[in-house]
Amino acid sequence: MTIDLISQDLDSAISSKSNTVLVLFSSLGDDKDKKPVLHNKSVAKHLETNLEEKSISGKSGETVLFREFTHSSCRHLLVVGLGSAKEITHESFRQIAASIHDAVKASKSDEAFIDFESLPAKMKSEDNIQAVVEGLLLTSYEFNELKSKKDKKPASNVLFHIVLKESKNAAYKKAFSEGLAIADTVNFARFLGDMPGNLMTPDILAKKAVEAAKSVKVKATVWDKARIKKEKMGGLLGVSMGSDQEPRFIVLEYNGAAKGKKPVIFVGKGLTFDCGGISIKPSAAMEEMKYDMCGGANVIATVLAVAKLKLKVNVMGIVPSTENMPGPSATKPGDIHTARNGKTFEVNNTDAEGRLILSDALVYACEQKPEIVIDAATLTGAMVVALGNTHTGYFTRNEKLKKTIEEAAKASGEWVWNMPLTDFHVQDMKGTYADLSNISSGKGAGSATAAAFLEQFVEEGIPWAHFDIAGTGWSVGNRLKYCPKKGASGAMIRTFVEIARSFER
Ligand code: BES
Ligand code: MG
Ligand code: ZN
């Protein structure tokens, strides 16, 4: 699939192309009988009856295809609904772009012209252009990597044009290329997530990060097991002991601001397969635990995206990576390990491993004297129970950071929900024989007590937030049309990029 932004008027752009489709927007009218509006006056005239009868309703995501529509210079016409004019946001455009993508693909056309020119002026915004680019590219993502040739579906190779007279305007061009950069990196993170555990080990994840860093101005450093041991990362090391695969500690650095400027640090859980270890998980859906590195993948993608966008900010991405397996040397329930900051913890359930590898990474992050630290992790099943796959729950006790997060999420179109984190949750994580226990002594609030455990490894005074993406990291396609039904979603990359952007000033 290819997208461009063109400024010709439709007729001259389309001339003499054969299998083309013209994409027009419709919306629900805001008069009392909600008479649909077709945002292209000349075509609307030809479709008056359809609009009267509401066979084009304008409802969000509705697609109506008119084959061999002779009243335009394209061969076919696709009308796509935007919904109620009052409620349309850039996120509506992202989702609608998914409908456009799928309908054009199903129509077997090989070239589509999306008419932005006929939209009301306020909808012709940079945000909406960026959203359409993201929506199209994100929807085109497929994970066919591992299917043998005969089963492989042909990749979609539709050429999409966004038609807008003022497209030469620098702000539109910037929005367009930002959309491309962001969607590309989100798709890269999805690919890392979708790869199965045997083909996405800690070592492979590290190599993929190093390789990707080469194409942008990002410095990558990878520590092996010996170095991790030397660096006193007892959490990461302890979790890795049950596996034949060596752990890795991955650090990505992007310097877009002055050297002395404090970095914005993202930390991501890179558990390439979590079977629970000795406290082994039940078999049902255990295969999904290949996605337990999505926090790490999304952090890697965030740094790459920030670098592609050349944001004037220093950003660091830190990903502790390991498998959680029940091999002969595995950590046993009751074992006690020491994290990088000297705090000790009892491992009373080896399946609560994410917090252990993150403890060392958070300590390391704070040593870098950061502006803020944000982590992303598929940390608790309790998060899925609490919020399902609609919202990502985040925890922070810093009001200013909370505001930054809310604004960034709004700007990116992602849904987040602020969760409670209190001293009571901290109480529940006290150990009997060590400083801390890795599971709560209390009942319920499993996501908050996990966050409280993480907080013990963040230096006081450093603004920190924890994002539990257990529910939103994969299989969100029933809510978001531009995400694969079952695959990795790339959750929070767009929000994290916006958070980084907020530190440009
Ligand atoms: N990776 C899991 C959390 C998870 C489970 C994410 C299901 C998405 C779907 C994590 O390592 C884990 O196993 N957490 C335990 C913690 C418990 C033992 C305190 C959990 O949530 O059950
Ligand atoms: Mg686990
Ligand atoms: Zn896990």
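Starting from 1, each residue takes its place in the sequence as its number. Note that the structure is predicted; figures quoted are calculated from it, not measured.
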Exceeds 12 heavy-atom contacts within 6.0 angstrom, atom NZ of Lys174:
no
Is the backbone of Ser140 close enough, under 3.5 Å, to the side chain of Tyr482 for a donor and an acceptor to pair up by distance?
no
Euclidean distance, Met492 CE relative to Trp415 CH2, rounded to 0.5 Å:
11.5 Å
Examine distances only and state if a side-chain atom of Arg94 and a backbone atom of Leu136 form a donor-acceptor pair shorter than 3.5 Å.
no
How about Lys45: does its NZ atom have over 12 heavy atoms from other parts shown lying under 6.0 Å from it?
no
Please determine whether side-chain contact (heavy atoms from CB on, under 4.5 Å) holds for the pair Ser321 and Thr272, giving the CA-CA distance in whole Å, both sets of side-chain angles, and the decisive distance to 0.1 Å.
CA-CA 7 Å; Ser321 182; Thr272 59; 3.6 Å; yes
Kindly say whether Gly197 contributes a backbone atom to a donor-acceptor pair with the side chain of Thr201 at under 3.5 angstrom?
no
Apply salt bridge (Lys or Arg N to Asp or Glu O under 4.0 Å) to residues Glu407 and Lys403 and explain how you reach the verdict.
CA-CA 6 Å; Glu407 282 168 6; Lys403 199 165 162 259; 3.6 Å; yes
Specify whether Phe160 and His101 have parallel, tilted or perpendicular ring planes, treating 30° as the upper limit for parallel and 60° as the lower limit for perpendicular.
parallel
Main-chain N/O of Ser109 paired to Ser107 side chain as donor or acceptor, under 3.5 Å:
yes
Taking the basic N atoms (NZ, or NE/NH1/NH2) and the acidic carboxylate oxygens, is any pair closer than 4.0 Å for Lys402 and Glu406?
no
Between the OH atom in Tyr141 and the CG atom in Asp194, the distance rounded to the nearest 0.5 Å is 3.5 Å
Does Thr20 use its side chain to pair, donor to acceptor, with the backbone of Arg75 at less than 3.5 Å?
yes
If you round to the nearest 0.5 Å, how far is OG1 of Thr89 from CD of Gln95?
8.5 Å
Would the Phe116 and Phe93 ring centres measure less than 6.0 Å apart?
yes
Any side-chain heavy atom of Leu309 sitting closer than 4.5 Å to one from Ile182?
yes
Quick check, are the ring centers of His39 and Phe25 under 6.0 angstrom apart?
no
Judged by modelled atom types alone, do Trp464 and Asp375 share a side-chain donor-acceptor pair under 3.5 Å?
yes
Which heavy atom of Thr495 sits nearest to which heavy atom of Ser412, and what is that distance?
OG1-OG, 2.9 Å
Does Ser489 reach the main-chain N or O of Cys483 with its side chain, forming a donor-acceptor pair under 3.5 Å?
no
Heavy atoms of Ser84 and Leu28 approach each other most closely as N-CD1, 3.7 Å
Test side-chain contact (heavy atoms from CB on, under 4.5 Å) on Glu68 and His76 and set out the steps.
CA-CA 5 Å; Glu68 313 300 347; His76 314 300; 3.6 Å; yes
Phe503 side chain reached by Val315 side chain, heavy atoms, under 4.5 Å
no
Could you walk me through whether Thr63 and Leu78 pass the side-chain contact (heavy atoms from CB on, under 4.5 Å) check?
CA-CA 7 Å; Thr63 53; Leu78 177 70; 3.9 Å; yes
Heavy-atom distance under 4.5 Å between the side chains of Met316 and Val303, does that happen here?
no
Has Asp468 got a side-chain atom pairing as donor or acceptor with Tyr394's backbone, closer than 3.5 angstrom?
no
Please give me the minimum heavy-atom distance between Val299 and Gly317, naming the atom from each residue.
CG1-CA, 3.7 Å
Side chain proximity check, Ser7 to Lys165, heavy atoms < 4.5 angstrom
no
Determine yes or no for a side-chain-to-main-chain donor-acceptor pair under 3.5 angstrom, with Ser447 supplying the side chain and Met383 the backbone.
yes
Side-chain H-bond candidate by donor/acceptor type, Ser42 with Asn40, under 3.5 Å
yes
Can you tell me how far the CG atom of Asn298 sits from the CE atom of Met293, to the nearest 0.5 Å?
8.0 Å
Tell me whether Asn314 contacts the main-chain N or O of Lys261 through its side chain, where contact means a donor paired with an acceptor under 3.5 Å.
yes
Using a strict cut-off of less than 4.0 Å between a Lys/Arg side-chain nitrogen and an Asp/Glu carboxylate oxygen, indicate whether Lys269 and Glu353 qualify as a salt bridge.
yes
Scanning both residues in full, the closest heavy-atom pair of Asn389 with Ser475 reads ND2-O, 3.1 Å
Does the plane of the ring in His391 sit parallel, tilted or perpendicular to the ring in Trp417? Use 30° and 60° as the thresholds.
perpendicular
Taking side chain as C-beta onward, heavy atoms only, is Leu77 less than 4.5 Å from Val43?
yes
Tell me whether Lys124 is salt-bridged to Glu117, with the criterion being a basic N under 4.0 Å from an acidic carboxylate O.
yes
Charged N to carboxylate O under 4.0 angstrom, Asp351 versus Lys281?
yes
Between the OG1 atom in Thr378 and the CD1 atom in Ile469, the distance rounded to the nearest 0.5 Å is 6.0 Å
Quick check, are the ring centers of Phe467 and Phe496 under 6.0 angstrom apart?
yes
Compare every heavy atom of Ala411 with every heavy atom of His90, then report the nearest pair and how far apart it is.
CE1-O, 3.1 Å
Separation between CG of Leu271 and CD1 of Ile357, rounded to the nearest 0.5 Å
5.0 Å
So, the side chain of Asn128 versus the backbone of Val132: is there a donor-acceptor pair under 3.5 Å, distance only?
no
For Ser26 and Gly58 the tightest heavy-atom approach is OG-CA, 3.4 Å
Does the side chain of Leu47 come within less than 4.5 Å of Phe69's, by heavy atoms?
yes
Hey, are Glu504 and Lys312 close enough for a salt bridge, meaning a charged N less than 4.0 Å from a carboxylate O?
no
Parallel under 30°, tilted from 30 to 60°, perpendicular over 60°: which one fits the rings of His466 and Phe395?
parallel
Candidate pair Ile204 and Met195, rule side-chain contact (heavy atoms from CB on, under 4.5 Å), full reasoning:
CA-CA 10 Å; Ile204 299 173; Met195 284 294 268; over 6 Å; no
